[in-house]
Novice: 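Following this message is one structure expressed as structure tokens.
Chain naming here is simple, since letters A, B, ... match the order of the sequence lines and numbering starts at 1 in each.
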Amino acid sequence: MNGAVPEIRIRRLNDDEPNPAGRYVLYWMTSYRRTRFNFALERAAEWAAEFGFGVLVLEALRCDYPWASDRFHRFVLDGMQDNLEALSDRPGVTYLPYVEAETGGGRGLLEELASEAAVVVTDDYPTFFIPAMLAASASRVQVRMEAVDSNGLHPIYATAKTYPTAYSFRRYLQKSLPVHLERVPQTDPVSKLEGCPAPVLSESVLRRWPDASTLLTSVGLDLAELPVDHSVEPAEIRGGARAAKARLDAFLGSKLARYAEDRNQPDEDAASGLSPYLHFGHISTHEILGSIAQHEGWRPDFEGRPTLGKRTGWWGTSAAAEAFLDQLVTWRELGFNMAANRPDHRDYESLPGWALETLEQHSSDPRPYLYSLEVFEQGLTHDELWNAAQRQLRREGIIHNYLRMLWGKKILEWTPSPREAARVMIELNNRYALDGRDPNSYSGIYWCLGRYDRPWGPERPVFGKIRYMTSANTARKLHLREYLERYSS
DNA sequence: ATCGGCTCGCGCAA
DNA sequence: TGCGCGAAGCCGAT
């Protein structure tokens, strides 16, 4: 089939063919939990239009994945409510939100729904348990199954290379992005389904796997009844595509102009706050870029722009937007590039050679302080700035982007080994951060141990040639008065 | 306040 | 083969 979704974004997961005797196209939404600007949903809609079928959208939330908690459940459920609203009364589409009530409750659901599908389309995502889950599912599904990449502007499988620095990846992007930007996801892919019959679910399926729609709206869902970690409480910020859009608009309206100068200042509130929404797929990079373009009256035109990897001057937007796009595109997609091409990207051994070597050489240096995971977790170290950052993470599910670096550097300094430091960072980040369990969780954590960085002298205890940071210097440099007050306990 | 040295790997010019 | 340059650093010298 030749549709509008670029082939480079489509990965066949099995050798099966489409089944024209099916009743619908199944879209299994796992990572791009949105109904707009979504290549995977668009692909499902293309197949459906070809067969004259409707699309069945299955958005499931299981309860047994690592670090499942009230916090992540709440955020995902907010998103499901938005998707329910967005898809109800739309022709040609049926939305099935499913919330697993007990471990294993969802087992068999995908295969059951796939047994009546012509094609199964799902989201491609290069880390956490998703790649293994997709492979396992594809072997049990008897029709053609495809994973579609709607992660970012650069298709994650467009290169098999990894890049050792943001600089080299940026230079590559400056050459390769323009062609990919010619194909952007449709705003509303479901609109192709006018005239297609909305799939109807059988009583027996719904008896076994109840539709969670009423739980999402009128009845409400009691998280306390689910077997997930209740000690990680819901975050204050609301999840979902609507909240994401509101946050984007607020960012463009009052923060973007100050972004380049103030984004590293905790008290200035100039960061976008979009990363949790990006992580759960509640918003798309393409939509964000489109909104920036509209906001600035900018159109992509890269003719004659230097492709030397410089951080400014390539996009041709305002300086503020370029600073933001470097985060959103260069840095975010750098992490996806690593995850897509290095199956070991979560492991300590995936660090660059010079970093492994220098950390090894300093592995038996005495540590100035040693803390257990529990002391770190509660924010009870001797360092009030570090404690504040950890308390923000634990309480809000967010950690300030600059302080996150200091946070990780100090964990390296205060644990018995760099391997243990990585373990502590991964545990705390993935347990508490709304944007955890993401390719960029590992970029950020391993950056603290040398990934994407270069050696710095002079060699210091514990760190060796790894870039060193101190809380005192950080406090001197940053506006932190309100921040320290807010998270003082 | 600002500058250089610390140090590695890559792409590009030569 | 050499040169420039890079997520945000640190420290001591000027």
Novice: For A:Arg404 and A:Asn401, does a side-chain donor sit closer than 3.5 Å to a side-chain acceptor?
Specialist: no
Novice: Can you pull out the residues from residues 314-323 of chain A that lie within a 4.0 Å heavy-atom distance of DNA chain B?
Specialist: none
Novice: Do the side-chain N or O atoms of A:Ser168 get closer than 4.0 angstrom to the phosphate oxygens (OP1, OP2) of B:dC10?
Specialist: no
Novice: For A:Tyr172 and A:Lys161, which I'm curious about, is there any donor-acceptor pair between the side chains at under 3.5 Å?
Specialist: no
Novice: Give a yes or no on this: more than 12 heavy atoms of other residues, nucleotides or ligands lie within 6.0 Å of atom CD of A:Glu349.
Specialist: yes
Novice: Quick check for you: among C:dC11, B:dC12, C:dA8, whose closest atom lies nearest to any side-chain atom of A:Tyr402?
Specialist: C:dA8
Novice: For the side chain of A:Asn264, starting at C-beta, report the closest nucleotide among B:dC8, B:dC10, C:dA8.
Specialist: C:dA8
Novice: Could you identify the nucleotide paired to C:dA7, looking across every strand shown and requiring Watson-Crick or G-U wobble geometry with both distances under 3.5 Å?
Specialist: none
Novice: Which of these nucleotides, B:dG9, B:dC12, C:dA8, is closest to any side-chain atom of A:Trp354?
Specialist: B:dG9
Novice: Looking at A:Arg263 and C:dA8, is any side-chain donor or acceptor paired with a base atom of the opposite kind under 3.5 Å?
Specialist: yes
Novice: Stacking between C:dA7 and A:Trp447, yes or no? Criterion: centroid separation under 5.5 angstrom, plane angle under 30 degrees.
Specialist: no
Novice: Could you tell me if A:Gln390 and A:Tyr432 have a donor-acceptor pair between their side chains, going purely by distance under 3.5 Å?
Specialist: no
Novice: In whole angstrom, give me the gap between the P atoms of C:dC5 and B:dA14.
Specialist: 14 Å
Novice: Would you indicate, yes or no, if C:dC10 has its OP1 or OP2 atom less than 4.0 angstrom from a side-chain nitrogen or oxygen of A:Lys477?
Specialist: yes
Novice: Just do the side-chain hydrogen bond (donor to acceptor under 3.5 Å, both in side chains) check on A:Asn387 and A:Glu384 with the steps written out, would you?
Specialist: CA-CA 5 Å; A:Asn387 293 344; A:Glu384 275 314 305; 3.2 Å; yes
Novice: Between A:His154 and A:His180, how do the two ring planes meet: parallel, tilted or perpendicular, split at 30° and 60°?
Specialist: perpendicular
